[in-house]
Amino acid sequence: MTNDILNPTRGSATRRAFLGLALFAAGGFAIQSAAGLGLVSPAHAAASEAAQKIADHFASVRTMTGEFVQFGPRGEQTGGKFYIERPGKIRFNYEGSSGFKVISDGQSVVLDNKKMNTMDLYPLSKTPLKLLLDERIDLSGNKVRSVKEEDDLTTIQLADKSVFGNSRITMMFDPKSYDLRQWTITDAQGKDTTVMIFNVQQGVKIDQDLFKIDYKRNIDLNKKRHSSR
């Protein structure tokens, strides 16, 4: 596996989309263990308590579905539907003619572009999604940069080079329901990609076929790719 998929500074739409999905998992699930690690200073005890309430809320979430809109640094806009089931399963269907999908079946992650007839397959264990979709998530160290509590918004920022490269992740939660509203990825060049989610349903039953990866198609495409070189 190359480092491209983990490097947000290279800027391709596909890699940015993948990073956005990994960070969605961080916002939706990983914060459950971040708040209890004592990473917020005592001076921010109230903010830490708010983060813990958010953590407790997401700790109970096993499945999640909904819709998303993604805004790129140049104003480009895409959207679609998402499905998440812990541990390790995720699917994002991007709308539009490309038919672009990101699927994890708990073992592998595939970036499937039907329009380009490509399937890029990676071991889940070698991507940020492994950390973020595990049963238990270790965010020890200095990953939690700040927690800010306001009347209408609770904002939590994460940063970890070993997981997110040189990017920062800022997540925004509803302070009353503790639901995730949106998150923003700031890459090493200071460019922002923002994802907003809506029509979210939690604790729903998801068709397991949605998380299936067509490994045969992936093998066939790779054979054609190598034979054409």
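Because the structure is a prediction, the values reported are computed rather than measured.
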Using a 3.5 Å distance criterion without hydrogens, assess whether the side chain of Thr63 forms a donor-acceptor pair with backbone atoms of Val204. yes
First locate atom CD1 of Ile206, then atom CD1 of Ile84, and finally report the distance between them rounded to the nearest 0.5 Å. 8.5 Å
Any side-chain heavy-atom pair from Leu111 and Phe100 closer than 4.5 angstrom? yes
Asp207 vs Tyr83 side-chain heavy atoms within contact, under 4.5 Å: no
Give the minimum heavy-atom separation between Val195 and Phe68, together with the two atoms involved. CG1-CB, 4.2 Å
Please check if atom NZ in Lys81 has more than 12 non-hydrogen atoms from other residues, nucleotides or ligands closer than 6.0 Å. no
Nearest 0.5 Å, what's the CD-CZ distance between Gln107 and Phe211? 14.0 Å
Against Phe82, only a single residue in Glu67, Arg91, Met64 fulfils side chain to side chain contact (heavy atoms under 4.5 Å, CB included); can you say which? Met64
Please report the closest heavy-atom contact between Lys191 and Pro73, naming both atoms and the distance. CB-CB, 3.8 Å
Shortest non-hydrogen contact from Pro87 to Arg62? CD-NH2, 4.0 Å
Salt bridge check, Lys216 against Asp220: does any charged N sit closer than 4.0 Å to a carboxylate O? yes
Spacing of Ile103 atom CD1 and Leu121 atom CG [to the nearest 0.5 Å]: 10.5 Å
Closest non-hydrogen atom pair between Ser104 and Gly88, with its separation: OG-O, 2.6 Å
Does some side-chain heavy atom of Thr154 sit less than 4.5 Å from a side-chain heavy atom of Met171? no
May I ask you to check whether over 12 heavy atoms, not counting those of Asp152, lie within 6.0 Å of atom CG? yes
Minimum side-chain heavy-atom gap Ile197-Trp183 below 4.5 Å: yes
Could you state the interatomic distance from CE (Met172) to CE (Met196), rounded to the nearest 0.5 Å? 10.0 Å
Verify whether one side chain among Thr184 and Asp192 offers a donor that lies under 3.5 Å from an acceptor in the other. no
So OG1 of Thr78 and CZ of Phe92: to nearest 0.5 Å the spacing works out to 10.5 Å
Is there a donor-acceptor contact under 3.5 Å from the side chain of Asp105 to the main chain of Lys212? no
Taking C-beta and beyond as the side chain, do Glu85 and Gln208 meet within less than 4.5 Å on heavy atoms? yes
Group every Ile, Leu, Val, Met, Phe, Trp and Tyr by side-chain heavy-atom contacts under 4.5 Å, then state whether Met119 and Tyr215 land in the same group. yes
Lys/Arg-Asp/Glu bridge criterion (N-O < 4.0 Å) met for Arg217, Asp112: yes
Evaluate the side chain to side chain contact (heavy atoms under 4.5 Å, CB included) criterion for residues Val109 and Val102: first the C-alpha distance (whole Å), next the side-chain angles of each, then the deciding distance (0.1 Å), finally the verdict. CA-CA 7 Å; Val109 181; Val102 176; 4.2 Å; yes
If you define the side chain from C-beta out and look only at heavy atoms, does anything of Leu221 sit under 4.5 Å from Asn117? yes
If I compare all heavy atoms of Pro175 with all of Arg181, which pair ends up nearest, and what's the gap? CD-NH2, 4.5 Å
How long is the gap from OG1 on Thr118 to NZ on Lys224, to the nearest 0.5 Å? 13.0 Å
Counting C-beta onward and ignoring hydrogens, is there a side-chain heavy-atom pair between Ser108 and Leu124 closer than 4.5 Å? no
Can you find a heavy atom in the side chain of Thr155 that is under 4.5 Å from one in the side chain of Thr170? yes
